[in-house]
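Structure first, then comments.
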2 protein chains.
Amino acid sequence: MIDPKLLIQFKAEILEIERGNIIFDYGSKAQFYYQIKTGEVKMNNFNRDGKEFIQGIFYPDQSFGEPPLFADVGYPAGAETITDVEIFRLPKDDFFDLLKKHPEAHFKISEVLASRLYYKAIMASEISSQDPEHRIVRLLDYTKTHIHKLDPEDVLEVDFTRQQIADLTGLRVETVIRACKALEKKGEIQIKKRKILR
Amino acid sequence: MIDPKLLIQFKAEILEIERGNIIFDYGSKAQFYYQIKTGEVKMNNFNRDGKEFIQGIFYPDQSFGEPPLFADVGYPAGAETITDVEIFRLPKDDFFDLLKKHPEAHFKISEVLASRLYYKAIMASEISSQDPEHRIVRLLDYTKTHIHKLDPEDVLEVDFTRQQIADLTGLRVETVIRACKALEKKGEIQIKKRKILR
DNA sequence: CACTGTTTATGATTTGAATCAAGTCGGAAT
DNA sequence: ATTCCGACTTGATTCAAATCATAAACAGTG
């Protein structure tokens, strides 16, 4: 997260986009740095038979879609708003200008990339080789500690739908539902009024 | 990749390690920046029943295990040498010192993190939702263009074993072997003397 | 060359998540 | 209150990859 004042100082504009719109497409070239002011955004892929895979869900103050600004590649996934949003958008050149003049912002960005990589590494290993229940628990635990910054003794009220959990873990809704039931029985999670608590 | 001269100037030492040794363990705290001089290193996880998942294989001039230096997390995977290696090792503080005094090196590191994230994003989406053949092709194509920097018309001689392909894609050896046979039949790859060409 | 260990190969069987089909539930809108 | 729609649920069935078992091909070594 880069200080909004700094963003504005470097000529960032604020976009207002309604729920369900595309911000950029899979494969396209990165031209802007994006940071969320309000609302939520997801980055996703669709495979040939239309199944969605969610790379990540992003919340206020988080940036997204930075990697292709640094590496010479197209976006590995598209970005779509999941609520109405306000987003800071800073052209690539101005962004690099900012990083050069404010090294501490660059270190902050490195931290963001690093922790994203950490999440991806965990999920890759889980998705590839663990059973559904374990995948889900890992996703929830990651969300709890790294997104919501809660302590282990706190209780997280998961705000993902079953479908989103499925798309984040590469499972199917029915499997997620059945796995969650099993996890509840084992006492790993609680389900109150269909809401998952962990 | 950071210029070795610069590394040495900032007091990096060179480690010589034999094949099959551990460089750091899963979950441990990052204290050094590592960059390969000669040899190969892999980062991997093991799940409860001993199945290995390879997060990545790293070659000369590549660095590895940087994310936990930036984000406050333990290593998401362990690192192990797969050949005899010589490795530059720079203490964390000196590494940050270097980045501060040489912003261009910092941009280079950002590029590395970014392209690694790109690879992870691709593989995550593949692993979660595509068939074995597709996963393998994607892995080979990524390796071809991004690791070996070959053009599409060039032919890559894959130097992974079937087992390594399995561990990188989250499949099992037998499945990889059968999928490769099928891919050969379809003309997607060639197999000459058990070596895969793509 | 014979011996050893690793990698590749192939067939038979099992298994668990995906798929298919048909619901229910709950909240928002009319 | 009734309709409507998205989210959640449950059971039966299928199917592809994992598993198990076994062996051939090859690379390296004394």
Side-chain angles (χ1 to χ4, degrees), chain A residues 19-20 40 42 46-54 57 82-84 126-137 139 157-185 189-197, chain B residues 18-20 40 42 46-54 57 80 82-84 126-137 139-140 157-186 189-197:
Chain A
R19 167 192 180 132
E40 294 174 23
K42 67 178 171 186
F46 293 92
N47 70 6
R48 271 188 305 310
D49 23 89
K51 183 172 187 279
E52 181 176 10
F53 177 76
I54 299 179
I57 296 182
I82 49 184
T83 64
D84 293 353
E126 286 298 319
I127 287 178
S128 90
S129 50
Q130 302 284 358
D131 60 301
E133 293 177 26
H134 208 266
R135 289 196 216 182
I136 294 170
V137 170
L139 172 70
E157 289 197 23
V158 179
D159 60 346
F160 295 140
T161 64
R162 303 287 191 274
Q163 184 64 58
Q164 284 179 329
I165 293 175
D167 294 339
L168 282 160
T169 52
L171 297 167
R172 315 245 70 150
V173 216
E174 299 95 325
T175 307
V176 169
I177 288 165
R178 288 189 252 254
C180 284
K181 291 268 157 84
L183 285 169
E184 191 195 17
K185 198 160 288 172
I189 61 172
Q190 286 141 267
I191 302 180
K192 291 226 171 97
K193 291 178 20 100
R194 303 176 145 208
K195 211 175 187 54
I196 295 169
L197 308 180
Chain B
E18 289 182 352
R19 167 191 179 134
E40 294 174 24
K42 68 179 171 185
F46 294 92
N47 69 7
R48 271 187 306 308
D49 24 87
K51 183 171 186 282
E52 180 176 10
F53 177 75
I54 299 180
I57 295 182
E80 187 182 327
I82 49 185
T83 65
D84 292 354
E126 286 298 319
I127 287 178
S128 90
S129 50
Q130 302 285 359
D131 60 299
E133 293 177 26
H134 208 266
R135 290 196 216 181
I136 294 170
V137 170
L139 172 69
L140 299 184
E157 290 197 23
V158 179
D159 61 344
F160 295 140
T161 64
R162 305 286 192 274
Q163 184 64 59
Q164 284 178 330
I165 293 176
D167 294 340
L168 282 160
T169 52
L171 297 167
R172 315 246 70 150
V173 216
E174 299 95 324
T175 308
V176 170
I177 289 167
R178 288 187 251 256
C180 285
K181 291 268 157 83
L183 286 169
E184 191 194 17
K185 197 160 288 172
K186 289 180 191 167
I189 63 173
Q190 286 142 266
I191 301 180
K192 292 227 171 97
K193 294 183 10 104
R194 303 175 144 208
K195 212 175 185 53
I196 295 169
L197 308 180

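In what follows, chains are A, B, ... by sequence order, proteins preceding strands, each numbered from 1. Just so it is clear, the model here is predicted, and its values are computed rather than measured.
- Rounding to the nearest 0.5 Å gives a distance of 6.5 Å between CD of B:Glu80 and CD of B:Glu52.
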Legend entry - Criterion side-chain contact (heavy atoms from CB on, under 4.5 Å) on A:Ile196 and A:Leu183, from CA distance to verdict: CA-CA 10 Å; A:Ile196 295 169; A:Leu183 285 169; over 6 Å; no
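- Taking atom CG on B:Asp131 and atom C1' on D:dA18, their separation rounds to 16 Å, with Å as the unit.
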Dump every N/O contact between nucleotides 7-12 of chain D and the protein below 3.5 Å, one line per pair.
unit_1, atom_1, unit_2, atom_2, d
D:dC8, OP2, A:Arg162, N, 2.8
D:dC8, O4', A:Arg194, NH1, 3.3
D:dT9, OP2, A:Arg162, NE, 3.3
D:dT9, O3', A:Lys181, NZ, 3.4
D:dT10, OP2, A:Lys181, NZ, 2.2
D:dG11, N7, A:Arg178, NH1, 3.0
D:dG11, O6, A:Arg178, NH2, 3.4

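- The nearest whole Å value for the distance from the CZ atom in A:Arg135 to the C1' atom in C:dG16 is 12 Å.
- Among residue pairs with one or both ends in residues 158-171 of chain B, those qualifying as side chain to side chain donor-acceptor pair (under 3.5 Å) are B:Gln163-B:Asp167; sequence neighbours excluded.
- Taking the side chain as every heavy atom from C-beta outward, B:Phe160 and B:Val176 never approach each other to under 4.5 Å.
- Atom CG in B:Asp167 sits roughly 15 Å away from atom C1' in C:dT8 (whole-Å rounding).
- In terms of phosphate contacts, B:Thr175 brings a side-chain nitrogen or oxygen within less than 4.0 Å of OP1 or OP2 of D:dA18.
- The NZ atom of A:Lys195 sits 16 Å away from the C1' atom of C:dC25 (whole-angstrom rounding).
- Atoms NZ (B:Lys192) and C1' (D:dA25) sit 19 Å apart, rounded to a whole Å.
- For A:Cys180 against A:Ile189, the heavy-atom pair with the smallest separation is O-CD1, 3.6 Å.
- With rounding to the nearest 0.5 Å, the separation of CG in A:Leu171 from CD in A:Glu133 is 10.5 Å.
- The interatomic distance linking B:Leu171 (CG) with C:dT8 (P) rounds to 15 Å, in whole Å.
- Rounded to whole Å, the distance from NZ on A:Lys51 to P on C:dC20 is 14 Å.
- Across the protein-nucleic acid pair, A:Asn47 atom CG and C:dA18 atom P stand 12 Å apart, rounded to whole Å.
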